[in-house]
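First up is the structure itself, then whatever we jot down about it.
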Number of protein chains: 2
Amino acid sequence: MGLRKSTLEEVAAAAGVSKMTASRALRGAPDVSAETRQRVLEATELLGYVGNRLALSLSSQKTNLVAVVVPSMSNIVFPEVLAGISAGLEGSGMQAVFGLTDYDARKERDVIRDMLSWRPSAIVVTGLDQPEDTVKMLRSADVPVIQIMDLDGTPIDFNVGLSHGKAGEEMARALIAAGRKRFGYIGSALERDLRAAKRKAGFERVLHENHLSFIGQRLGDTLSSVGLGKYLTHQLLRAEPNLDCIYYSNDDMAVGGAFAGLEASRSGEILMAGFNGLDLAAALPLRIATSKSPLRMIGEIAGRLARGSTAPNLPSTGKIIAFVPEITGVHQG
Amino acid sequence: MGLRKSTLEEVAAAAGVSKMTASRALRGAPDVSAETRQRVLEATELLGYVGNRLALSLSSQKTNLVAVVVPSMSNIVFPEVLAGISAGLEGSGMQAVFGLTDYDARKERDVIRDMLSWRPSAIVVTGLDQPEDTVKMLRSADVPVIQIMDLDGTPIDFNVGLSHGKAGEEMARALIAAGRKRFGYIGSALERDLRAAKRKAGFERVLHENHLSFIGQRLGDTLSSVGLGKYLTHQLLRAEPNLDCIYYSNDDMAVGGAFAGLEASRSGEILMAGFNGLDLAAALPLRIATSKSPLRMIGEIAGRLARGSTAPNLPSTGKIIAFVPEITGVHQG
DNA sequence: CTTGTTACCGATACCGGTATCGATAACACC
DNA sequence: GGTGTTATCGATACCGGTATCGGTAACAAG
């Protein structure tokens, strides 16, 4: 059991052949006799040889890396997408590499630059709102760029997701159709979570079309969480007791809101609407309304695009894959 | 704006210097005149040059990679740990690379082998229960190995986590001290989630010491989730209506259980106990008992160990960093 | 015996950087 | 003028693989 990582050269020496022959044997290339191949495999086993991908990738000018850049891991949304990407890559020999931006554009640029320095065979980034210099960097990287989650903007290359503006609009229409009239809004950190801001803007557009507006709103400045949603809902309900519907920036916040409603003994009256369609929300004893965003599917398709395989059964063709979220849990009030 | 990735050679040519001088200029090495450095930087900007880490790492025999191998992303536990690792690595120039095992030992071995082929400067793996061949591979890799989450076993090198056996024991003691007598258990996929199995075993040890045992239990075979916890709890409560306490494999399941209790109008009576101390559970309108596992902290310390910096204020010294989970939410019954 | 074919293998160049050592020029000093 | 010192730069080797081409031995065919 060698303590230092052994090289192909050493394996070859142990097998009594040249480096080149050892390389061929390990890759299952032709032009190697069965006996020689056997000896090389034994030497490999003996030395615990593990190939060096750095050398392989440098030499072959190819990597099996897919760079994935997401804002955060602090709620279940992005992990779900990442799991989807991993699943979409499964069996391709490709490996996803994740980088976090903390919803910070500068950090995003640095992370992307760092990722590109590994010469990945594809890069997946979240959203369409990268600043110009970041876009320029991605464009000149000569790598397939897959922008996920959002559709509202101009994609660089591939684009998988849904229109958050429309998602907000549709939710507003559904709630108005269900007879809701007195709306509140609760969200957080909208200057960073641009997709949540787009949903809110879409929602408000439809409210205005119907000569309505948010009666009251509360905006937190930390990232969304169940606890924050609960806290802000208590606040908002104290200030505006006669709301009959609250739109939240996402399901985490809405679930918190539902708990707050429960604690305030006002469960049935006020309809809480979120976004994402988390499993958690489905298991809740309280009904919240939500738009089901196909997080895992978005990840899987991104993964399949990254591996370059033709993805079957896509909801639309071409380089833009659009989903329309299904709205559930809206009931008359 | 070059479409193909440019090389240092090209940058050097554009600046009218040799490759070597360009390399020095970009790394801020000495022996470069201010004027030359300026010309190189301009050429870099012009060509949109992004260094090639493959070449750099191969040449320097060093990578900035930290390999991280976790079982899953489907609940918030591991994302939380990953976020901690990222935070612990912040500012070090190191980059975490994640691989998923789906709680499958064979897949774990393959993922670890694949990770090692990138010659990471450290590798973080989940748990201490790797099969012998995997351990051998890690041992001979000549890389710091950091095993996280669990302490019950023999570590290869560094070890950060807590004893899940003891966590189960302590929870049982606390519940018994609070007057609970009729215990049930609900979990899932224990043959894969070995840490949950250890907690259960610890819990049962203390039950037996007190001449008690689980009156009834339900084991799912899919991964834990809020929905599954709710479903199994309904089942168990029908079969064993006189339970006064249920121990769950984790908080996800326990939260589902709490919801089930709510739906069955038996909220106050039965104490549900989980594990992890998720934020979600804290925001719940219902009290569940839990052991707070410092997930993010475990990740951060693993990250700090990986970057090789001395981590200040560690709860213990040496290569084993042990945490003791805090139990909350246990009330008399 | 010569020639051609096939199977197997090795020598060499290269991927894109960095380490190392040596070269050159400018300048100071004796 | 000869010599030493310093600042700046380039040529070369190397990291650990793979692509490519050429070489050798064995054997069959003429």
Side-chain angles (χ1 to χ4, degrees), chain A residues 2 4-41 43-44 47-65 93 114 116-121 141-142, chain B residues 2 4-41 43-44 47-65 113-114 116-121 141-142:
Chain A
R4 221 194 66 262
K5 289 271 81 177
S6 41
T7 70
L8 185 61
E9 183 89 58
E10 294 166 19
V11 172
V17 297
S18 77
K19 207 169 101 168
M20 201 54 236
T21 301
S23 169
R24 279 193 271 254
L26 289 180
R27 281 176 298 149
D31 283 4
V32 180
S33 73
E35 189 211 5
T36 303
R37 191 186 307 274
Q38 186 57 31
R39 281 217 314 283
V40 171
L41 290 178
T44 301
L47 296 177
Y49 172 73
V50 177
N52 186 330
R53 263 244 155 66
L54 295 165
L56 192 161
S57 293
L58 179 63
S59 169
S60 64
Q61 297 287 73
K62 271 177 197 150
T63 62
N64 65 339
L65 255 36
D114 198 72
L116 289 178
S117 76
W118 286 102
R119 299 293 188 269
S121 19
D142 189 30
Chain B
R4 221 194 67 263
K5 289 270 82 174
S6 41
T7 69
L8 186 61
E9 184 89 58
E10 292 167 20
V11 172
V17 296
S18 77
K19 208 168 100 166
M20 201 55 236
T21 300
S23 169
R24 279 193 269 254
L26 290 180
R27 282 176 297 150
D31 283 3
V32 180
S33 72
E35 187 211 5
T36 303
R37 190 185 308 274
Q38 186 57 31
R39 281 217 313 284
V40 171
L41 290 178
T44 301
L47 297 177
Y49 172 73
V50 177
N52 185 330
R53 262 244 154 63
L54 296 164
L56 192 162
S57 292
L58 180 61
S59 170
S60 65
Q61 296 288 74
K62 270 178 197 149
T63 61
N64 66 339
L65 255 37
R113 187 200 308 285
D114 199 72
L116 289 178
S117 75
W118 286 103
R119 300 291 188 269
S121 18
D142 191 29

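Letters A, B, ... are given to chains in the order of the sequence lines, protein chains preceding strands, and every chain is numbered from 1. What you see below is based on every heavy atom in this structure, not just the backbone, and it leaves out hydrogens, waters and symmetry mates. Remember, it's a predicted structure, so these values are computed and weren't measured experimentally.
Distance alone, capped at 3.5 Å, places no donor-acceptor pair between the Ser117(A) side chain and the Asn52(B) backbone. Between the side chain of Asn64(A) and the main chain of Gly93(A), a donor-acceptor pair closer than 3.5 Å is present. Looking only at distances, no side-chain donor or acceptor of Ser23(B) sits under 3.5 Å from a matching main-chain atom of Lys19(B). For the pair Arg39(B) (side chain) and Ala15(B) (backbone), a donor-acceptor distance under 3.5 Å is present. Panel note: side chain Ser121(A), backbone Thr63(A); a donor-acceptor pair is recorded below 3.5 Å.
Distance, Asn52(B) CG to dG16(C) C1': 6 Å, rounded to whole Å. Rounding to whole angstrom units, CG of residue Leu8(A) and C1' of dT18(D) are separated by 10 Å. If you measure from atom CD of Glu9(B) to atom P of dG17(C), you get 9 Å, rounded to the nearest angstrom. Rounded to an integer number of Å, the gap from Arg39(A) CZ to dC9(C) P is 8 Å. For Glu35(B) and dA7(D), the CD to P distance is 17 Å, given to the nearest whole Å. Here the C1' atom of nucleotide dT18(D) and the CG atom of Leu26(A) are 13 Å apart, to the nearest Å. For Lys5(A) and dC15(D), the NZ to C1' distance is 16 Å, given to the nearest whole Å. Atoms CZ (Arg119(A)) and C1' (dG16(C)) sit 9 Å apart, rounded to a whole Å.
To the nearest 0.5 angstrom, Arg119(B) atom CZ is 10.0 Å from Asp142(B) atom CG. With rounding to the nearest 0.5 Å, the separation of OG1 in Thr44(B) from CZ in Arg37(B) is 11.5 Å. Annotation: the span from Leu8(B) atom CG to Thr21(B) atom OG1 amounts to 10.0 Å, rounded to 0.5 Å. Here Arg53(A) contributes atom CZ and Ser59(A) contributes atom OG; the two are 13.0 Å apart, rounded to the nearest 0.5 Å. The distance from the CG atom of Leu41(A) to the OH atom of Tyr49(A) is 12.0 Å, given to the nearest 0.5 Å. To the nearest 0.5 Å, the span separating CG on Asp31(A) from OG1 on Thr36(A) amounts to 11.5 Å.
Look at Tyr49(A) and you'll find a side-chain N or O under 4.0 angstrom from OP1 or OP2 of dG17(D).
For the contact set between residues 16-25 of chain A and DNA chain C, defined by any heavy atom under 4.0 Å, the members are Val17(A), Ser18(A), Met20(A), Thr21(A), Arg24(A). Near DNA chain D, meaning a heavy atom under 4.0 Å from it, residues 54-63 of chain B has Leu58(B), Ser59(B), Gln61(B) in order of number.
Taking the screw axis at each terminus of the helix from dC1(C)-dG30(D) to dC30(C)-dG1(D) from five consecutive base pairs, the angle between the two is 70° to within rounding of 10 degrees.
Nearest to the side-chain atoms of Arg27(A) among the listed nucleotides dT18(D), dT8(D), dC8(C) stands dT18(D).
At the heavy-atom level, Asp31(A) lies under 4.0 Å from base atoms of the strands shown.
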